[in-house]
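Some notes on the structure that comes next.
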Protein chains: 2
Amino acid sequence: MESTPLVAVGCGRTGGLTLTPLIDRLRDRGWRLTAQRRVIAETMTGEHVHLAADEVFERARTVLPEVSLATVYNTLNELVSLGELREFTHEGRKRYDPNVADRHHHLVCVACGRTLDVHPDDPGLPADQRHGFELLDVEVTFRGRCPDCTAAA
Amino acid sequence: MESTPLVAVGCGRTGGLTLTPLIDRLRDRGWRLTAQRRVIAETMTGEHVHLAADEVFERARTVLPEVSLATVYNTLNELVSLGELREFTHEGRKRYDPNVADRHHHLVCVACGRTLDVHPDDPGLPADQRHGFELLDVEVTFRGRCPDCTAAA
DNA sequence: CCACCACCCTAGAACAGTTCCAAAGATGGA
DNA sequence: TCCATCTTTGGAACTGTTCTAGGGTGGTGG
């Protein structure tokens with residue numbers, strides 16, 4: 001739940017071929033690897049994976065029917081604080097992205113919610129990264145600590 | 001609730017001095033202007049205004065105590081579909097931004113939630129627009145319509 | 001090999017934010 | 001003024017997430 005520096009092991013777009021490095025990393029960090037956690041972690045493996053908790057739950061359940069929704073939430077939150085997943089919000093619900101190694105942005109379909117990773121150099125999103133999308137909007141949120149909060153800390 | 005093209009009347013950063021143009025625009029579009037709606041619209045006037053529904057409710061209530069939360073939600077949603085407010089989500093709840101005239105991004109304090117409008121030329125956010133914030137993260141979401149959805153429409 | 005203890009899992013309750021609903025009230029045109 | 005229409009209201013319902021209390025489990029020391 002703490003300490004080990006978040007060394008980015010992956011190096012950019014690695015493709016979805018490797019199934020275990022996340023599991024290995026977690027074990028190396030002393031994370032108790034139960035059946036539930038393994039199934040959830042495996043569900044979160046791949047490229048362009050941006051599942052919401054209930055989707056993770058459904059998929060995990062097909063492999064391990066007795067897994068509970070609470071465990072899915074617990075595990076996802078833990079993986080986020082371990083730095084192994086990145087969390088973002090789309091249409092009011094949290095989604096989880098296993099691609100934490102390379103800085104990237106999201107390309108979201110307003111109709112079906114389909115989400116792809118993109119790597120633009122500038123916020124304009126070059127044509128070769130649009131995946132055929134008709135662009136409608138860009139939302140950029142910078143996060144930081146304001147002067148008051150910095151002073152208070 | 002529909003039609004009238006969303007002519008951007010304001011022109012960039014206008015300052016918070018004008019109190020009525022939003023109200024005027026709404027009346028011109030045939031929007032029935034009740035006391036509740038007026039109070040809510042006035043609450044949403046100004047610069048760097050990014051209130052959540054319950055905050056709008058609290059403020060509106062100090063002026064018009066009998067206003068209901070349902071009306072606040074109804075009105076905010078309507079103003080969004082009229083194109084007079086922009087909606088975004090921060091930490092699981094929707095916030096509303098009256099600044100729809102000029103393209104801008106948001107600078108959010110991860111500690112207190114304070115949100116400011118910024119106008120970067122590139123996603124790096126130049127120093128003179130950081131408002132003293134210590135930058136921690138940038139989140140960029142492109143929205144559009146994917147090829148499948150375009151074909152289906 | 002066993003016992004123990006810290007950690008983990010589970011179901012369900014609780015919670016927050018938002019939307020829905022039916023009834024009552026307000027509004028403006030004929 | 002009357003009436004059809006639109007608006008408001010409180011509360012119920014709903015969704016996504018977190019909390020809680022109790023039972024279960026893995027793996028370490030003996």
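The sequence lines fix the lettering, A, B, ..., with proteins before strands; numbering per chain opens at 1.
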Given atom [atom1] of [X] and atom [atom2] of [N], what is their separation to the nearest angstrom?
X	N	atom1	atom2	value
A/Glu55	D/dT15	CD	C1'	14 Å
B/Leu76	D/dT7	CG	P	15 Å
B/Trp31	C/dG28	CH2	C1'	17 Å
A/Glu78	D/dT17	CD	C1'	16 Å
B/Glu91	C/dC15	CD	P	21 Å
A/Arg38	D/dT25	CZ	P	16 Å
B/Ile40	D/dT8	CD1	C1'	10 Å
A/Glu87	D/dT17	CD	P	9 Å

Item to complete: State whether the number of non-hydrogen atoms from other residues, nucleotides or ligands found under 6.0 Å of A/Arg143 atom CZ is greater than 12.
Response: yes

Discussion item. Can you work out whether B/Leu33 or B/Ala52 has the more 5'-proximal nearest nucleotide on DNA chain C?
Written reply: B/Ala52

Worksheet item: Hey, which of these two, B/Ala35 or B/Arg95, hits DNA chain C nearer its 5' end, going by closest nucleotide?
Response: B/Arg95

Worksheet item: Is there a path of hydrophobic side-chain contacts, each under 4.5 Å between heavy atoms of I, L, V, M, F, W or Y residues, that connects B/Phe88 with B/Val56?
Response: no

Worksheet item: Is the distance from OP1 or OP2 of D/dT9 to the nearest side-chain N or O of B/Gln36 less than 4.0 Å?
Response: yes

Item to complete: Taking only the side-chain nitrogens and oxygens of A/Arg37, find out if one of them lies under 4.0 Å from OP1 or OP2 of C/dC8.
Response: yes

Discussion item. According to salt bridge (charged side-chain N to carboxylate O under 4.0 Å, His left out), does anything in residues 107-117 of chain B pair up with another residue at least two apart or in another chain? List the pairs.
Written reply: A/Asp148-B/Arg114

Fill in: Residue from A/Glu84, A/Arg38, A/Glu42 passing side-chain contact (heavy atoms from CB on, under 4.5 Å) with A/Leu22
A/Glu84

Worksheet entry | Sub-4.5 Å side-chain heavy-atom contact between B/Asn99 and B/His104 | yes

Worksheet item: So does A/Arg25 pair up with A/Asp28, basic N to acidic O under 4.0 Å?
Response: no

Worksheet item: How is A/Thr71 classified with respect to the nucleic acid when contacts are heavy atoms under 4.0 Å: base, sugar-phosphate, or nothing?
Response: base

Under 3.5 Å, side-chain donor or acceptor atoms of residues 65-72 of chain B against the rest of the protein: list the pairs with distances, not counting sequence neighbours.
| from | atom 1 | to | atom 2 | distance (Å) |
| --- | --- | --- | --- | --- |
| B/Ser68 | OG | B/Ala70 | N | 3.4 |
| B/Ser68 | OG | B/Thr71 | N | 3.2 |
| B/Ser68 | OG | B/Thr71 | OG1 | 3.2 |

Worksheet, complete the sentence: Nucleotide by nucleotide, nucleotides 19-25 of chain C touches protein heavy atoms under 4.0 Å in the pattern (B base, S sugar-phosphate only, - none) BB-----

